[in-house]
Visitor: 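For reference, the structure I am asking about is given below.
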Amino acid sequence: MKSYLYKVWAIFSKDVRTELRTKEILSAMAVFSLLMVLVFIFALPGKLQEPQDVVPGLLWIAFTFAGVLGLNRSFIIEKDRGSLEGLLLAPVDRSAIFLAKMLGNFAFITIVELLTLPLFSLLFNYSVFNLGLLPVLLMGTLGFAEIGTIFAAMAVNTRAREVLLPVLFFPVMLPVIIAAAQATSAVLANRPFGEISGQLQLIGIFDLVFLIVPLLLFELVIEE
Amino acid sequence: MADNVILRATKVTKSFGHFAVLKGVDLELQQGEFITLLGPNGAGKTTLLRILATLAKPTSGAIELAGIPLKDAKASIRGLLGVISHQTFLYEDLTARENLVFYGQLYQVAHLTERVNELLARVGLERRANDRVRNFSRGMQQRLSIARAILHNPPVLLLDEPDTGLDRQAADMLQNVIRELATGGEPRSIIMTTHNLERGLAMCDRLVVLAGGRMVREAQARDLTPENLQNWYYEAVNSRNLKP
Amino acid sequence: MATNTKYMTTTNVPGKKLDWIPILSYALLFMFPLSLLFVLISPTDVNLAFSQRIFYFHLPANIMCFLSFLVYFIGGIAYWRTRQRKWDIVMVSSLELGVFFSFIGIVTGSIWARYAWNTFWTWDPRLTTVTIMLVVYLSGLMLRNATDDPSRKASLTAAFGVIGFIDVPLVYFSTRWFPRGLHPVIFGDNGNAIGLEGFMIVTMLTCMVTMGLLFTYFLIQRIRLEQMRDDVAALFYAQEGEEY
């Protein structure tokens, strides 16, 4: 168990170190979400007067699209020099590889989300800083990372891998997107926390189920 | 003799539906032996090697590594294997040292820092240790990938067309490093696939020809000369096409 | 060739098993006109007039759609455990059937909605769930078509089927938070339920049986089609020689 976690940590910190050096994933996601915010503003000029109607939904649209961008890279980087095979050849459980990649994706997407939030506040002139948003954000992002990581591992072995991931990812993620957008809108309207317990429960179940299922399926997906 | 077999494949098949890539391959690798696997494209060389390397599962048949059946072995058994392929398995944005340290952590190599330094010196990269792999030439990357493969001192080495994509000079150098691995220090058992017949013969103890998913011919290297090698090989491959 | 039997077709093996296809065909020939007749002579709904009759196709089609995806899920689990081509065939057949039946379900539902509620589309939980299922499984077909290696194709299809099926109830629960739908509850006594009574129930059950027969017929034929493709490929493969 200890060596399992140590190896998860080794792969995770390798990903973080690479990312800090190249900033490839983070910069792509951050620039993309900035552009999305700008596009929203130009496309919905009338809504600037009533941001509470649109901001929760737009936030999750931006997170979803930016997230897919980063998820795609996470396995393409491994595939380019065959290093994914290097990982598979090492005495590491397949599930540890999934767990490490998933945690890396979770960290990167969360960072970009935290960068996007002030942008939204600033440009829509509507504060989205609310402590109640944090659990919604983290739990939703965990779901993104879990499904996104296994789908990225699947898509990387296909043709048109970069196009395929969003096509696979969005429909399956809909429960999280629906629940998270609803919860965000309730939190930002300062409605009582109890009102979003149903949504949080759903996201929680999603997170739990899709932590276990991909851990089991990962071997099937990457082995021949 | 039987005790000396370190890697044994018994009746290994790999198929999907009607399509069989391997149709029952038996192979025994003795301790300290160097086997070269030859065969045309699509003969199943790479598939066999990937199955031996635990990257793919056989459809039927059994593989034993150091007496342990791979089927119910834990992930830790992969520590007995080192793989060198035409792909380097390296991270281009990490330095040479970081690459080795990372893999060393996964293999849980003891005294990692000393071991990494020793290997960097051995493949002649100690002066470039802190450069990113991205800036290395193909030959340097291949040398580093050899260091990566023997980092944990595996008793069995699997080489999957290691000379593909290298120029002549780099390939010669690779050959020297591999020969050194095979002979120097403790005995290492090696299986190599290659397209280059002469190079394959020059390095190995035993030649095995795979065609159409079966082993069709084998010979001790001492029984063959570079002159009659071509004939011997093409006879073996063509015999597959003669249907009864 | 060593074994001719190996390439013998898996379909139309005489005297081996009961052939269900003629039985199903005759049953369909009888049941389909019968259900059409029942649909026409069954009493007209007080509120919804003639349009209510499309419901006799809508509900069975949706049930068959769920059934297809259940079969796909079971095929996926079985493939995961066994890695056999036959489960891959079950998966691809039920996947395509599921897309077909969900499409019928959505189109008939939309026509029904036009006459019942004067709109072609409503974000009702059940309708939304079926629509999202259709999209999920369409992307599954895309995934399949974007892969070349047959065993990888099967693995990815299996993994996607398992994840997609588990996702369905989650989708259903999340769509409850949409503004309330107008979907009727059949066989219930909720406020807005359409009471089916007497002969209407007989008609619904008849249509259900017919649709079930159609589903079984399609599934068996699709599986046989895939097996025939395998056989053709195997014959081709055998003729080309093993070097292909």
Side-chain angles (χ1 to χ4, degrees), chain A residues 98 140 143 146-151 153-183 185-186 195-196 198-199 201-224, chain C residues 69 73 76-84 87-88 91 99 102 123 125 128-179:
Chain A
F98 170 79
E146 289 166 355
I147 285 291
T149 304
I150 184 139
F151 280 1
M154 286 161 72
V156 82
N157 284 315
T158 63
R159 282 178 272 118
R161 51 195 185 183
E162 270 147 287
V163 187
L164 198 60
L165 180 61
V167 172
L168 299 175
F169 181 73
F170 293 148
V172 173
M173 282 320 292
L174 270 171
V176 169
I177 297 172
I178 292 172
Q182 295 255 337
S185 131
E195 227 171 273
I196 61 166
Q199 278 85 345
Q201 258 171 31
L202 182 87
I203 303 177
I205 293 170
F206 187 100
D207 285 354
L208 190 67
V209 168
F210 287 120
L211 176 66
I212 297 163
V213 173
L215 274 176
L216 297 173
L217 288 175
F218 195 64
E219 186 174 23
L220 172 72
V221 164
I222 50 170
E223 254 177 31
E224 273 166 51
Chain C
F69 290 140
F73 174 69
I77 297 271
Y79 182 80
W80 175 30
R81 304 315 311 179
T82 63
R83 317 269 166 116
Q84 282 169 353
W87 293 114
D88 184 39
M91 284 194 292
V99 171
S102 61
W123 287 109
T128 313
T129 306
V130 173
T131 313
I132 293 173
M133 268 172 77
L134 173 66
V135 179
V136 167
Y137 289 107
L138 275 178
S139 60
L141 275 182
M142 277 189 67
L143 172 70
R144 215 182 146 77
N145 292 331
T147 327
D148 293 321
D149 176 33
S151 70
R152 176 141 270 156
K153 194 179 256 208
S155 306
L156 297 188
T157 312
F160 190 78
V162 173
I163 292 174
F165 189 79
I166 295 173
D167 197 47
V168 170
L170 295 166
V171 170
Y172 180 73
F173 283 116
S174 68
T175 49
R176 282 179 318 169
W177 292 311
F178 268 33

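Lettering follows sequence order; numbering is per chain, from 1.
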Visitor: Need one label for A:I222: side chain, backbone, both or neither, based on atoms under 4.5 Å from any heavy atom in chain C.
Guide: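 When you check distances to chain C, only backbone atoms of A:I222 fall under 4.5 Å.
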
Visitor: State which residues pass ring pair (Phe, Tyr, Trp, His ring centres under 6.0 Å) with C:Y172; sequence neighbours excluded, sorted by chain then number.
Guide: none

Visitor: With a 4.5 angstrom heavy-atom cut-off, which part of C:V162 approaches chain A: side chain, backbone, both or neither?
Guide: side chain

Visitor: Residues in ring pair (Phe, Tyr, Trp, His ring centres under 6.0 Å) with C:Y137, at least two apart?
Guide: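 Testing C:Y137 for ring pair (Phe, Tyr, Trp, His ring centres under 6.0 Å), a comparison that skips the adjacent residues, returns C:F69, C:Y72.
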
Visitor: Could you pull out the closest heavy-atom pair between A:R159 and C:D148, with the gap in Å?
Guide: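 Result for this residue pair: NH2-OD1, 2.9 Å.
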
Visitor: Checking C:R152 against A:T158 for the side-chain contact (heavy atoms from CB on, under 4.5 Å) test, could you report, in this order, the C-alpha distance in whole Å, the side-chain angles of both residues, the deciding distance, and whether it holds?
Guide: CA-CA 9 Å; C:R152 176 141 270 156; A:T158 63; over 6 Å; no

Visitor: Passes side-chain contact (heavy atoms from CB on, under 4.5 Å), A:N157 versus C:T147? Steps please.
Guide: CA-CA 7 Å; A:N157 284 315; C:T147 327; 5.9 Å; no

Visitor: Going through the distances and angles, do A:F210 and C:D167 end up as a side-chain contact (heavy atoms from CB on, under 4.5 Å)?
Guide: CA-CA 9 Å; A:F210 287 120; C:D167 197 47; 4.0 Å; yes

Visitor: Measure distances from A:F151 to the heavy atoms of chain C and classify the residue's part below 4.5 Å as side chain, backbone, both or neither.
Guide: side chain

Visitor: Per the side chain to side chain contact (heavy atoms under 4.5 Å, CB included) rule, which among A:V213, A:V209, A:L168 passes with C:I163?
Guide: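 Filter result, single survivor: A:V213.
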
Visitor: Which bit of A:A179 is near chain C, if near means a heavy-atom gap under 4.5 Å: side chain, backbone, both or neither?
Guide: both

Visitor: Check step by step if side-chain contact (heavy atoms from CB on, under 4.5 Å) holds for A:L216 and C:W80.
Guide: CA-CA 10 Å; A:L216 297 173; C:W80 175 30; 3.7 Å; yes

Visitor: If you count heavy-atom pairs under 4.5 Å with chain C, which of A:V172, A:V167, A:V221, A:I203 comes out on top?
Guide: A:V172

Visitor: If you take all heavy atoms of A:P171 and C:V136, which pair is closest and at what distance?
Guide: CB-CG2, 3.5 Å

Visitor: Between C:M133, C:M142, C:K153, which has the largest tally of heavy atom pairs under 4.5 Å with chain A?
Guide: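 Top option by heavy-atom pairs under 4.5 Å: C:M142.
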
